[in-house]
Amino acid sequence: MSQTFMLEPDIIAATENVMPDLNNDLVLAKNFLKQQSGATGDSLYDHLVDVVHKILSQKPPDVVDNFEQYSWHVKQEKFRPNFDLLNDIYLAPPQLALIRRMEEMFRLVASKNQKMEDVDEEEQELDLEEDSMKPRITDLIEHNYYFRECGYGLSEQECYAVYVALNMLGIKEPVATVRFFGKIFGTKANYYVAEADLTIEELDRRIREFEMKDMPGEGEGGEEDRAQEMEEQKEMMGEGEGKEEKPKEPVPPKLPPIPVSTWQPPPPIPVERPGQGVNKKVYYVCNQPGEPWVCLPDVTPNQIRVARLWVRCMTGDLDAEVITFPPFEGTERNYLRAQIARIQAATSISPQGFYTFGSGEEEEDIDLEEGAGDLAFNPNPFYQGHTLKDLVDSNLTYWVHHGRHILKQGRTIWWNPNAGMDEAIEEEEDEGIPPIEPETGPSLFSPLSEDSRLEGQNAWTARISSTLVPDRAVAILRSNVWPGAVAYSTTGKKSECLYFGWGLKSQPPNFCPLQLPRPQDEYVIGPEVMEMADPTFADEEAYRIAHLPPPPPPMRGEGEGEELPEEEEEEDEE
Amino acid sequence: MNIHKLWEYKEYVNVNGKMLSNELISLLQNSLTLLQVENHFTHIQYWGQLFAVDADYHIAVGINKDAITDKKYYYTTDFKFWGLLPKAKKKYKHLSLLTTFPFRGDPALKIKVLDEALEENNPDRCQFMKEESRLAATISNICEEVEICARGQLIKHPDGTIVINPNYYGLTASEAKQLKSYLHIRPPQHRWNTNLLTRPDYNYSMDFLDSIDQDIPNGCWNLSLEQNGSIVYLKSLYWPGMMFFHKIQTPECGFLYVGNGRKNLDVPFLL
């Protein structure tokens with residue numbers, strides 16, 4: 001072998017004046033392969049060496065089929081920039097910012113737990129009080145396990161992070177109970193939504209704030225505004241005139257004043273106070289578990305009504321503008337809150353008997369102060385569960401809503417717009433404004449079988465999680481009206497709802513934007529303004545002949561006789 | 001999604017809250033492996049699920065030599081019998097877009113479709129469509145519009161066949177954030193040089209498909225990074241329920257559709 005393939009310098013030395021032989025050809029071929037490419041400065045020889053080296057060291061299967069790929073990868077690796085100058089700089093992985101936040105969250109939760117333990121050890125007697133102080137956090141991990149059985153839910157990693165974040169929420173905010181509501185997707189970021197009940201003190205504080213802000217003289221404020229507007233308008237008009245007078249040019253004809261609209265907005269529907277109706281729960285959102293939770297503002301009836309009229313995606317930014325028609329008052333945080341209220345009202349379901357009015361004990365007085373629409377309900381301690389067959393029955397009579405139906409008004413409790421006027425009217429005259437029919441919706445705990453159907457499909461579809469092992473099977477319901485809303489129930493005592501989606505209602509066949517209102521009639525249609533054909537010359541002639549004065553007696557003054565009929569004609573024409 | 005990797009993908013797959021349950025994966029792996037052996041497919045993939053009133057349809061795709069043209073679709077409602085879907089006809093593709101009625105779960109069901117835009121006596125005004133044809137047409141529509149792959153996942157051999165790249169390494173983190181790195185799995189509709197030359201690092205064997213950043217309107221694709229930025233999810237607003245995931249810098253990626261098979265025509269209002 002060593003005789004056939006000599007080292008290069010030897011070959012060159014040996015073959016300087018010799019005619020063709022194998023070594024010479026080899027050198028020529030090698031030289032050709034070693035030619036550097038003008039563009040990259042690379043030679044095929046080096047490249048082949050690299051490729052062969054890569055293949056032999058990595059030993060991938062079927063190299064011959066993917067040789068091009070390999071060659072390409074080798075080339076690509078060569079183009080890695082050389083960070084010689086930045087050698088000492090450590091590039092942190094991109095997850096760092098997120099991990100820092102998570103770390104902070106974990107530390108907070110851990111330290112709180114540590115504190116709780118210390119307190120427990122010191123004062124065993126105060127255990128009960130401590131328990132009542134501690135917020136009740138729904139066990140998301142357990143519920144997620146059942147959702148996963150049914151093929152829904154969060155991935156393990158996400159689930160744990162959210163669960164810790166819920167704990168953080170319980171520590172940081174004045175809340176009594178915390179529940180994971182779901183996840184709402186946005187075009188740029190997603191929202192994790194937590195549903196919470198405020199503690200009694202915080203709720204009282206918010207109610208007081210709400211009453212301070214809203215109750216005293218809401219009407220006055222409006223009137224003042226209107227008066228101000230009128231004044232402003234007058235000023236404007238005044239200024240306008242003043243300006244016109246100053247230049248002493250031909251005075252333009254004085255224009256009649258700009259008409260002022262007499263339209264008055266209907267009285268605003270009062271907002272339901274915190275802890276009542278659509279504002280019964282408060283919602284906290286964040287984009288990533290570990291970020292601080294942001295409390296969403298309470299929703300107004302108007303926002304719910306307007307949000308029903310259009311479709312729009314969330315962006316993921318709470319302060320993003322919501323530009324729609326009809327206009328929406330507020331930013332995306334208000335829109336998000338309105339959508340959550342709608343979803344919560346429509347998709348909170350549980351097996352029959354899972355919740356009960358009052359605290360479940362029969363002696364309890366049912367609190368009727370607030371009106372029939374706002375009864376409190378609690379988990380039923382005597383709930384025994386249903387059989388799987390009942391739970392997945394296609395009639396769904398064993399499932400009930402525990403979300404309060406939102407009326408067209410945008411409230412759960414109907415508000416009578418004429419309530420204030422009623423007394424006055426009764427005094428003055430009996431036939432005032434006819435009393436408005438109160439809007440009613442399905443009552444709390446009405447079964448799903450009464451839900452309206454959607455294009456020949458039930459509003460909910462029931463499925464069993466397992467056909468192979470019926471003993472472990474769980475009933476799962478998915479909503480067809482709010483795609484992404486699901487609820488599960490075991491044959492035992494576990495049930496939960498979850499929402500995962502874009503926050504959009506399904507509106508078959510598809511969404512139709514609201515039409516603009518018809519233009520208002522300018523005047524009453526009557527004989528004076530009816531369009532009709534102009535009289536032709538023949539008509540006029542006929543009319544003139546018909547109305548000719550009787551041939552005058554020859555001796556009278558002709559002037560009088562002619563004038564009178566002319567005047568009559570003019571009047572007729574008008 | 002590759003049937004044999006479903007257990008690994010279990011944690012990544014999340015379509016609007018819909019994940020794969022253990023039972024579903026077991027059933028799919030068993031029955032689809034049998035299907036693959038019977039039909040001698042080189043690859044078999046789970047395509048997704050279509051909601052129906054009585055029983056949901058599950059769809060699988062068998063791939064032979066060519067990853068775009070040589071595909072066969074199968075459907076089942078019970079994981080015992082997989083039926084071969086017919087080729088989607090253009091007529092049914094059009095009709096299935098008009099039909100908003102939910103799927104029933106019975107492939108032999110005949111659906112009447114009334115096109116009110118046509119005149120009274122026109123023979124095309126009232127047409128019949130079997131649910132099987134509708135299923136095939138819907139799936140074909142979805143595939144054409146939103147079935148995607150990461151760049152480099154499919155490569156074209158010099159002889160013109162398109163294969164799933166066995167040596168795929170995945171996208172880098174910066175590439176994964178761009179819509180340009182994702183390509184439609186369909187015969188390309190743009191001109192070849194448009195697809196090739198709109199990127200500086202073009203490659204003949206990869207850039208022969210249409211990239212999704214040219215889809216109209218801008219914003220109809222939703223790209224999100226989850227799990228500390230290690231997984232990319234792509235969702236289409238047109239077909240809610242469609243999902244594509246890719247674990248960055250690994251060959252793991254997959255497409256899945258779980259939905260009611262209805263195109264969302266409200267996209268211009270949503271943005």
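Atoms considered below: every heavy atom in the structure, side chains included; atoms not considered: hydrogens, waters and symmetry mates. Throughout, a chain's letter reflects where its sequence line sits, starting with A, and its residues are numbered from 1.
A/Thr315 does not touch chain B: none of its heavy atoms, backbone or side chain, sits under 4.5 Å away. At a 4.5 Å heavy-atom cutoff, the contact between B/Asn165 and chain A is made by side-chain atoms alone. Residue A/Ile99 touches chain B through its side chain alone, counting heavy-atom pairs closer than 4.5 Å. Neither the backbone nor the side chain of B/Asp78 comes within contact range of chain A; no heavy atom of the residue lies under 4.5 Å from a heavy atom of that chain. With a 4.5 Å cut-off on non-hydrogen atoms, B/Glu11 touches chain A through its backbone and its side chain both. For A/Glu158, the part lying under 4.5 angstrom from a heavy atom of chain B is the side chain only. Heavy atoms of B/Phe51 lying under 4.5 Å from chain A belong to its backbone as well as its side chain. Contact annotation for B/Lys263: neither backbone nor side-chain heavy atoms come within less than 4.5 Å of a heavy atom of chain A. Within the 4.5 angstrom heavy-atom criterion, only side-chain atoms of A/Leu504, from C-beta onward, approach chain B. Heavy-atom distances place the side chain of A/Trp72, and not its backbone, under 4.5 Å from chain B. Looking at B/Ser26, neither its backbone nor its side chain comes within 4.5 Å of chain A, counting heavy atoms on both sides. Only the side chain of A/Tyr70 has a heavy atom closer than 4.5 Å to any heavy atom of chain B.
Annotation: side chain of B/Asn22 is not in contact with side chain of A/Arg148 (no heavy-atom distance under 4.5 Å).
Heavy-atom neighbours of A/Phe325 CZ from other residues, nucleotides or ligands within 6.0 Å: above the threshold of 12. Within a 6.0 Å sphere centred on CD of A/Glu104, other residues, nucleotides and ligands contribute 12 heavy atoms or fewer.
Just one of B/Trp47, B/Tyr57, B/Phe244 meets the ring pair (Phe, Tyr, Trp, His ring centres under 6.0 Å) condition when paired with B/Tyr257; it is B/Trp47.
Of all heavy-atom pairs between B/Pro240 and B/Tyr238, the closest is CD-O, 3.3 Å. Closest non-hydrogen pair, A/Phe500 versus A/Leu154, comes out as CZ-CD2, 3.3 Å.
We find that B/Arg199 and B/Asp207 are joined by a salt bridge, their nearest charged nitrogen and carboxylate oxygen being less than 4.0 Å apart.
For the options A/Gly501, A/Ala189, A/Ser506, A/Ser466, heavy-atom pairs under 4.5 Å to chain B are most numerous at A/Ser466. For the set B/Asp54, B/Leu223, B/Asn260, B/Leu20, the count of heavy-atom pairs under 4.5 angstrom toward chain A peaks at B/Asp54. Counting heavy-atom pairs under 4.5 Å between each of A/Thr187, A/Val469, A/Leu468, A/Thr461 and chain B puts A/Leu468 at the top. By number of non-hydrogen pairs under 4.5 angstrom with chain A, the leading residue of B/Asp266, B/Leu225, B/Val53 is B/Asp266. Taking chain B as the reference chain and counting heavy-atom pairs below 4.5 Å, the highest number among A/Gly484, A/Gly316, A/Cys150, A/Pro513 is found for A/Pro513.
B/Phe103 carries B/Arg134 over the face of its six-membered ring, with the cationic atom under 6.0 Å from the centre and within 45° of the normal. Relative to the six-membered ring of A/Tyr152, B/Lys18 meets both conditions, a distance below 6.0 Å and an angle of at most 45° to the axis. The cationic group of B/Lys235 lies under 6.0 Å from the six-membered ring centre of A/Phe185 and within 45° of the ring axis, placing it in a cation-pi geometry.
Judged by distance alone, the side chain of A/Asn190 and the main-chain N or O of A/Gly186 form a donor-acceptor pair under 3.5 Å.
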